[in-house]
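No hydrogens, no waters, no symmetry mates; every other heavy atom, side chains included, goes into these values.
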Amino acid sequence: MNTRAQRIIFWCLIAGIVAMGSLLAFHRQHFRNSVAAMAEDAPLDAPTASTEPITLLLANDAEGTVTATNRQIALPQEVTARVRSLLDHLNAEYALPGSAHPLPPGTMVDDVFLLPLPIVGHAQNNSASSSSPTDTSSATSSANPSATASADNPPSSPVASTDPAALQPQSPGGELAVVNLRSSFVSQHPSGVEVESLTLFSIIGTLHANVPQIEQVRFLVDGQPRETLAGHADLLRTYPSRDTSIAASSLSLKKK
């Protein structure tokens with residue numbers, strides 16, 4: 001028969017085993033989460049070995065402003081990878097503790113497509129579909145590399161828009177940037193006219209400051225049009241690329 005002391009020792013050993021198992025399981029899950037986060041935030045393209053001066057347009061919620069701020073950052077040379085890396089660095093600034101415009105951490109952008117201006121539509125080469133040119137929404141469909149000709153999808157020909165307000169370059173080589181935001185970023189974005197407007201101002205101004213050939217900017221979310229960022233700032237319109245380092249109160253992006 002076990003003595004009282006033996007029973008106490010036995011249950012102490014059981015408690016220690018359970019505690020040790022729980023601790024090991026916690027550390028294992030923490031390590032796996034860290035690895036997953038590193039994989040998600042890792043750049044798709046290796047940056048250059050040396051840093052270079054770039055300009056981030058940083059928003060301030062308390063003051064309602066967007067201010068140009070200089071940074072030394074290593075960026076890829078390929079243009080679309082460069083633009084994506086710029087926006088990832090921009091969001092990393094907002095995820096820092098004490099940020100003046102706090103946003104959820106992680107990757108902001110899935111893809112960025114650069115399309116030459118003027119944007120043209122595509123009409124199918126048959127009598128049923130060649131009667132009407134496409135509008136500026138063709139900028140998003142033009143970025144779809146999976147569109148191929150078939151019996152149900154005949155070959156198409158480029159058609160220039162007849163709309164005088166259509167996307168046109170301001171200078172030779174002007175481009176439209178289609179920024180494909182992640183739904184995980186959008187779903188966690190704070191809601192409000194000013195905070196949403198500041199985010200768009202920050203993105204547009206950063207692109208304008210660092211990639212001068214970008215003249216206009218459109219937004220998608222997971223490859224699809226979305227009406228607003230978080231209920232207020234319009235994501236359906238095309239924005240001119242411009243310096244946005246002014247008070248946000250004078251540049252409302254609220255959808256009319």
Side-chain angles (χ1 to χ4, degrees), residues 44-45 48 52-59 66 68 70-71 73 75-91 108-123 132-145 147 156-181 197-221 223-226 229 233-246 248 250-253 255:
L44 296 180
D45 299 87
T48 57
E52 59 182 283
I54 62 103
T55 302
L56 298 179
L57 274 291
L58 296 180
V66 180
N70 295 325
R71 293 284 188 269
I73 297 175
L75 295 175
Q77 291 302 311
E78 197 276 322
V79 179
T80 55
R82 186 179 184 84
V83 172
R84 178 178 172 180
S85 182
L86 272 171
L87 298 183
D88 284 343
H89 282 290
L90 181 66
N91 196 55
M108 174 193 288
V109 174
D110 257 337
D111 306 287
V112 178
F113 304 102
L114 298 182
L115 307 176
L117 294 171
I119 297 297
V120 297
H122 286 79
S132 61
T134 57
D135 60 14
T136 58
S137 64
S138 64
T140 58
S141 63
S142 299
N144 181 6
S156 60
S157 300
V159 177
S161 174
T162 58
D163 181 1
L167 306 181
Q168 298 291 335
Q170 300 298 312
S171 59
E175 294 181 324
L176 166 74
V178 181
V179 179
N180 186 25
L181 301 171
S197 299
L198 287 172
T199 295
L200 295 192
F201 291 146
S202 178
I203 293 173
I204 294 167
T206 296
L207 295 180
H208 174 82
N210 297 280
V211 192
Q213 69 265 32
I214 294 178
E215 296 183 357
Q216 302 185 45
V217 183
R218 284 183 66 90
F219 293 93
L220 300 176
V221 178
Q224 300 296 323
R226 181 184 171 102
L229 180 57
D234 190 357
L235 292 187
L236 294 180
R237 59 173 286 196
T238 299
Y239 292 97
S241 175
R242 61 176 181 247
D243 180 11
T244 58
S245 56
I246 58 178
S250 63
L251 289 172
S252 175
L253 294 184
K255 188 178 178 184

Side chain to side chain contact (heavy atoms under 4.5 Å, CB included) partner of Leu176, chosen from Leu114, Val217, Leu117: Leu117

Straight-line distance of Leu198 CG to Ile203 CD1, nearest 0.5 Å: 11.5 Å

Interatomic distance, Asp243 atom CG to His208 atom NE2 [nearest 0.5 angstrom]: 5.5 Å

Pairwise distance CG(Asp110) to CG(Leu181) - rounded to 0.5 angstrom: 9.0 Å

From CD (Gln216) to CZ (Arg218), nearest 0.5 Å: 9.5 Å

Side-chain donor/acceptor of Thr55 to backbone N/O of Ala209, under 3.5 Å: no

Shortest non-hydrogen separation from Pro225 to Leu236 and the atoms involved: CB-CD2, 4.0 Å

Donor-acceptor under 3.5 Å (Thr244 side chain, Phe201 main chain): yes

Arg71 bridged to Glu52 by N-O distance under 4.0 Å: no

Minimum-distance pair of heavy atoms, taken over all atoms of Pro240 and Arg242: CG-NH1, 3.1 Å

Side-chain heavy atoms of Leu58 within contact of Leu90, under 4.5 Å: yes

Check against side chain to side chain contact (heavy atoms under 4.5 Å, CB included), Val179 and Leu207: CA-CA 11 Å; Val179 179; Leu207 295 180; 4.2 Å; yes

Non-hydrogen side-chain atoms of Val221 and Leu235 separated by less than 4.5 Å: yes

Beyond-backbone contact of Ile54 with His89, side-chain heavy atoms, under 4.5 angstrom: no

Contact check, side chains of Pro53 and Asn70, non-hydrogen atoms, under 4.5 Å: no

Sidechain-backbone polar pair: Ser85 side chain, Ala81 backbone, donor-acceptor under 3.5 Å: no

Test item: Val83 and Ile214 side chains (from C-beta on) under 4.5 Å apart, heavy atoms: yes

Side chain proximity check, Leu200 to Phe219, heavy atoms < 4.5 angstrom: yes

Taking every non-hydrogen atom, the tightest pair across Ser245 and Ala68: CB-N, 4.2 Å

Check: Arg82 side chain, Pro76 main-chain N or O, donor-acceptor pair, under 3.5 Å: yes

Contact check, side chains of Leu220 and Val178, non-hydrogen atoms, under 4.5 Å: yes

Closest approach of Leu86 to Asn210 (non-hydrogen atoms, all atoms of both residues): CD1-CB, 3.6 Å

Side-chain (Thr80) to main-chain (Phe113) donor-acceptor, under 3.5 angstrom: no

